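We name chains A, B, ... by the order of the sequence lines, and we start the count at 1 in each one. This structure is a prediction, so every number in the text was calculated from the model and none was measured.
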Amino acid sequence: MSILVLDIVTTAAILFAVASGLMIILGVMKLINFAHGAFLTVGGYTAFLTTEAGITPWLSAPLAAIFGFLAGIVIERLVVRPLYSRPLDAILATWGLGIVIGQVITLTFGREVQFAASPMSGTFDFGAIDYSAYRIVVTLIAIAIGIALTALFYGTRFGLQARAVIMNETLARGLGIDSGRVRTLTFGLGAGLACAAGALITPLLSVDPNMGLPWLVNSFMLVLVSGVSIPSLALASLILGGAQVAVSTYISPIIGGLTIVVLAAFILRINPRGLGLG
Amino acid sequence: MASLSSKRVYRTVALGAITALAVIAIAPFFMDIYTTNILIRAFYLAALVMTVDILWGYTGILTFGQSAFFGIGAYACALVFTHYGFGPLWAIGALAIGILAALAVAAIVGWLAFYHGASPLYASIITLALPIVLVQLIFAGGRWTGSSSGLSAFPTYYWSTETWFWIAGAYLVLVTSLGFLLVRSDFGRILVAIRENEERAAYLGIPISRIKTGLMMASGAVGAAAGFGYAAFTNVVAPELGDFLLGTELLIWTALGGRGTLIGPVLGAIGIDVTASYLSGTLPFLWKLLTGIAFVVVIVLLPRGLAPILGQAIGFVIPPLRRKPPQSAELVPADWRPIAASFDAPPLKIDELICQYGSLRVLTGVNATVKGGELLSIVGPNGAGKTTLMRCVSDGSERTAGRVYVQGVEIGRGAPQSIVALGVGRSFQNTNLFDTLTVAECLMLARYGVDGAPMFARRAEIRMPEPALDIMRATGLDKVLATETGSLSHGMKRGLELAMVLATEPSVLLLDEPTAGLTKAERTAIGHTLKRLTDEYGLAVVLIEHDLDFVREISSRIVVLHQGSVLMEGTVEEVVNSELVRAVYSGEQVEAVA
Amino acid sequence: MSGPILSLDEVSSGYGAATVLHGVSLSLRAGEIVAVLGKNGMGKTTLLKTIMGFVKAAAGSVLLDGAPITGRSPHAIVRQGVAYAPQDYTIFQDLTVEENLRLGVLADDIYRGRVDMLGDVFPRMLERLKQRAGTLSGGEQKMLLMSRAIIARPRIMLVDEISEGLQPTMIERMAEVLRRTRSEHGTAVLLVEQHLSFALSVADRYAVLKLGEIVDEGVAAEGAAKVAEHLKV
Amino acid sequence: MKRSVFLSLLLSVTATAALAQDPIKIGIPVGLSGANSVVAPSVVQSAELAAEEINAEGGILGRPVELIVADDGSGAQGAQRAFDSLVFREGVDVLISMETSAARNAGLPIVNRGRVPYIYTSFYEGKSCSPWMYVNAWVPEQQVAPIVDHFMKEFGAKTYFLIGSDYAFGRGMLEFTRQYVEDSGGEIVGEEYLPMDGSDWTAIISKLKAANPDALITSTAGGAPNVTLTKQLRAAGVSIPYGNLAVDEGTAKSMGADANGIFIAASYVTGIDSEENKTFLDAMKAKFDGDLNTPNDLSVPQYEAVYLYKAAVEKAGSTDPQAVIDALSEVSFTGPRGTVQMNKQRHAPLTMYLGQVQEDGSVEVIQSFANVDPGDQCPQLAN
């Protein structure tokens, strides 16, 4: 039972970390970034390159975040900016962008599975049970990300401006907020978070050109169900991630793999606002 | 009573179909077997892509899941032939099973995705989840579905490649022709209207959810039949026939070919699939990279795809393909009988209506009754809640509390189109209509609730109630029936707005500043028509208006709304001479006077 | 100062095909209060939106300090010392009073340096800093709207129907605040109004907008009768 | 193209009257993109070596050998294109390929229609049969036994936990494993699957730990799922004997420490101590040098299959498809894996090696099992 609780909490934490970048972009820009999976992959390859360069694996996520941020800014200018008024087209364009990133990675690194070093291995002992140490660490990092994002959005001027843009963009612009700049930074931030999350989950995964794809749809569902707020994303991750673990454990992991998608679709059908807490 | 333009569409389609069939009939004799094989598969996929274009390009439903229907059709074929039996009856049975399964799945998708108030994004999510779920089911099917390996070498008709080519080609020509007739029909214009302005279409009484679900089902059936043919020909089914990646690929083909052109995506699918067959074998990753780049570029820079560009080029060479300006239907008077004024219940009764957005209370308990033959004007300063009141009366999901009765029927939480069906017509403040539709098409649209719309034809005549015709004449709209509404003048747009609402033959009319920005002459004409509607036709009219001069001339009663509640109600004279109203309008203290 | 700090030169603008303003020319000198009067739907709000860059001028130009700002984005115009108080209750309902005020200035340390100045004009705002703006009463929301504009200490303030829905005492207070802002900081104000007596009592000059054109201009103190004629119900 | 060309293509497919100087075309549909793209390059390289060697020795029946590689995208749709292209456009004499089961199944109807001999060189879940197909790689019957036998004998393992990817190979292998374990007196205490693209094994690993079995046997999709499972098992501290039915030597090597201690069973490992293997490895190194993809259990059968085809053509005296098909079961070739003859219902008895991955990623051969029988694969196809 305590293993189940740990499974649920750590799974939720991983889902939260992976989905947070997507949520920020959707929240501020009203735009679904279907290149999110590709960004996760880029993070994985950053971790791989970090390992190759002999740098400590603890630095792979921060490096991925920096790289993702810069790449995100460039991508926002080139691809995303013309599509603000066409949200459905933005989904398609970012999907196409994901294909392009995936193929560039394939042409550069090849199709094969690569390996990135894990910052730590082994298990923590909790009396009767031992549990994967890295999953515990990832959970702590995810909580730290959640706190940092909350601090950013509720404690800084950038966060205030971003929230102002979310609530009423016209008014925000009328108060001297350069909403274009807010959007660019937000996209960079979202991309950076996605890349960092990719690097973060790499020790539990393999690095290959498609590694991010399976996470895309689940993240997408979580973000929509969460109704774009940090606490409700945490809640959605806990509920849907918990349901996934429970179904995988007690019914079948195959159905478990569909749990988030199906559950999210029904939650949104019943209440289009999802689990929104605010 | 097919119209001239309908006949022209029939002729174009027949000509195109015959030409295409002729090409298909002789093509196998000039092609090597490899190209023929590729084309057969491309034809089936093209039929699928065509349904994506109708859903996405014409109706605006971004679907990631059309591949699922293809997969359902293909697996129906493979499963029946592998496990149950093979023969002509089995084949027909399997096809029927595939189509029925697709119809059922599409109906569920429609129920989930197209309820009133569903965002377009939510519909996309459902179509995204569909192939993911389907493929997992196939994986989980073990030996029965062949899991990841799929099923192959089941008994099928080992006809010659030419025969299959003809079958696939004929199927593609058939469904494309039907698709072409559909999008060029009056019904097809309704699809475009849904894409352009779904909310407005709902307020004209068009059953959006039903149409979208029906369209999804028809597309599903066409896709399933294509999948069936594909499986029967290739003798192979695999999960990738129904997966999300194929679904997105269909979108890519549609976008590159040119969404909303039908022929573009069909040719695009064939062209890209054939090119891929020749190129991807040698340059697999580069090919995908180039497709991806092309896709991004087209979405960002050329949202209409490549077809319009090529189409223009071809149009110079082959004149019949050039799109002629649409020929318009004629207007004829409809037989709209005045409403008998003998109702027990008043046409409109508003009871303690409250509307709140978050902490902002816009309406705080409004009561009003409008009788037949009465014109009630609602006046009040900006932000008094006038437009919100209209919204709450015409869409059941808007209000927070209170009741609204139309002809004695409580509207409940009904969607706009169900309230339109009760006889409520609403005009809007903004003049944002269906920009790419012509005036005549807009009117046809408005008549959907009364006259319906033919699926594969265009009407020669649009029946319009007499008062609507008056408005059209007064604003000069009757002269520009074939003009796209995007290029109309402001006055004409307002006139069209009103004419469209009247075309729905309402018994209760809600008008939100119908004369704003109009010339004196236009105002007078509209005033006359409104008078006639109440006096001759017995309509109950609710009018929001700022221009008190105009209000004074035509109103039976006036309600003054201020800060979300009724400040005063009375006859024209009472209100106009009221100190209170003068105070409100000049912004002086209200509380003190009241 | 010699020339006007803000001037409109034959500006036409509108939405899509619909032109709302037809060749409007108007100027505002430093420290001057100009009232633009007109009934609903005459283009008053569009005028302000065009100055702010929300609506693109189809013809003519808007000059700030003699240099054209036509085509600039709103935030760039704000950075040149223009503050905009839009119509209705346009504050961030879900943010706190303090957050709304912080958004009124370009940096948080500016906010910290200036927030106390509100004590003189709207002391109630300082009491409610942590309250969610949406829970304020209508009058308080207007105060917040005005506070947000004056805390920016702009050279030019564009104010859209601030008197609407306010009690006379509040309206008098707003007039007081506008006069004070002008006298203390030399702020020029372009005031869009329907409320005749309020507008003419604070303004130096007036202009009447009718169907997108300026039909009358003059000195505020002398215009009451003429303007009333234009605005007659 | 003209009909005459189309006819000549048909003729070249049957290829009976080909000129002596015409090359013999060998079609290699392989997953250059998609799931198999990791191993595909090594497969192509080993075929290239075989072709070069044969051509240096004067070809087959005096005709040079020409390889035509086509990408099958590792899936059904791509395979149809690749097979169509090879059979009907290129008019190949034989197809020799390592492919996914989905690609193979998709290609078979085209092979049947085109009547081309087809040698399948990938290990797979077994029981795929066609009059035109031979298989020279292992099936579950050959691979599972060494591992289970070893676990039972050396570790006294009685209870087993099975984990797989939910697809034909994963299910097929574990289905056989369950049967074999139960027949050998063991017990299966859990059998769990994850979707093929799944990467989160958390719940399954927790179940595994709760079941506390003596040994673990996994059969996932190659590449990513295999790696994620192994990593997560290690992270969770699972240390019971672990047999992995889907890991190849190369992947094990790149996994490094995580793969340490894993048992694998294969018909080829680079450490096989034979003259043929040494010669082969030297020749590969000489030919490809720095670009060499390490030979493996998927690429070596490809190399041998080219030689098996050569032997069959020489025995038949022509490239006539039916004659070649008849001859294929009667010829044998001694290569890196030892002597291989596809004489058991179109499949081949093979020498299997049980190996354990070492700390440095190399595979140490613990035991070899000579001539392991593939069992009844295609009883309806008499040899």
Please report the interatomic distance [atom1]([X]) to [atom2]([Y]), rounded to the nearest 0.5 Å.
X      : Y      : atom1 : atom2 : result
D/S206 : A/I8   : OG    : CD1   : 10.0 Å
A/D7   : D/D200 : CG    : CG    : 8.5 Å
D/E192 : A/S248 : CD    : OG    : 9.0 Å
A/I3   : D/I205 : CD1   : CD1   : 11.0 Å
D/K231 : A/T202 : NZ    : OG1   : 7.0 Å

Chain D interface, residue from [options] that has the most non-hydrogen pairs under 4.5 Å:
options                       : answer
A/P203, A/A246, A/G110        : A/P203
A/T123, A/D208, A/L204, A/T10 : A/L204
A/R135, A/Q114, A/M120        : A/R135

Enclosure of D/F155 CZ (heavy-atom neighbours >12, cutoff 6.0 Å):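 Check passes, neighbour count above 12.
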Neighbour count >12 (heavy atoms, 6.0 Å) for atom OH, D/Y124: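 Yes.
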Indicate the atoms forming the closest heavy-atom contact of [X] with [Y], along with that distance.
X      : Y      : value
A/S206 : D/T228 : N-CG2, 3.4 Å
D/A203 : A/T249 : CB-OG1, 3.6 Å
D/P195 : A/I254 : CD-CA, 3.9 Å
D/Y193 : A/P253 : O-CB, 3.2 Å

Part of A/A117 lying under 4.5 Å from any heavy atom of chain D: neither
Engaged part of D/D258 at the chain A interface, taking heavy atoms whose separation is under 4.5 Å: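 Answer is neither: D/D258 stays 4.5 Å or more from chain A.
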Donor-acceptor contact present, side-chain D/K209 to main-chain A/Y131, <3.5 Å: no
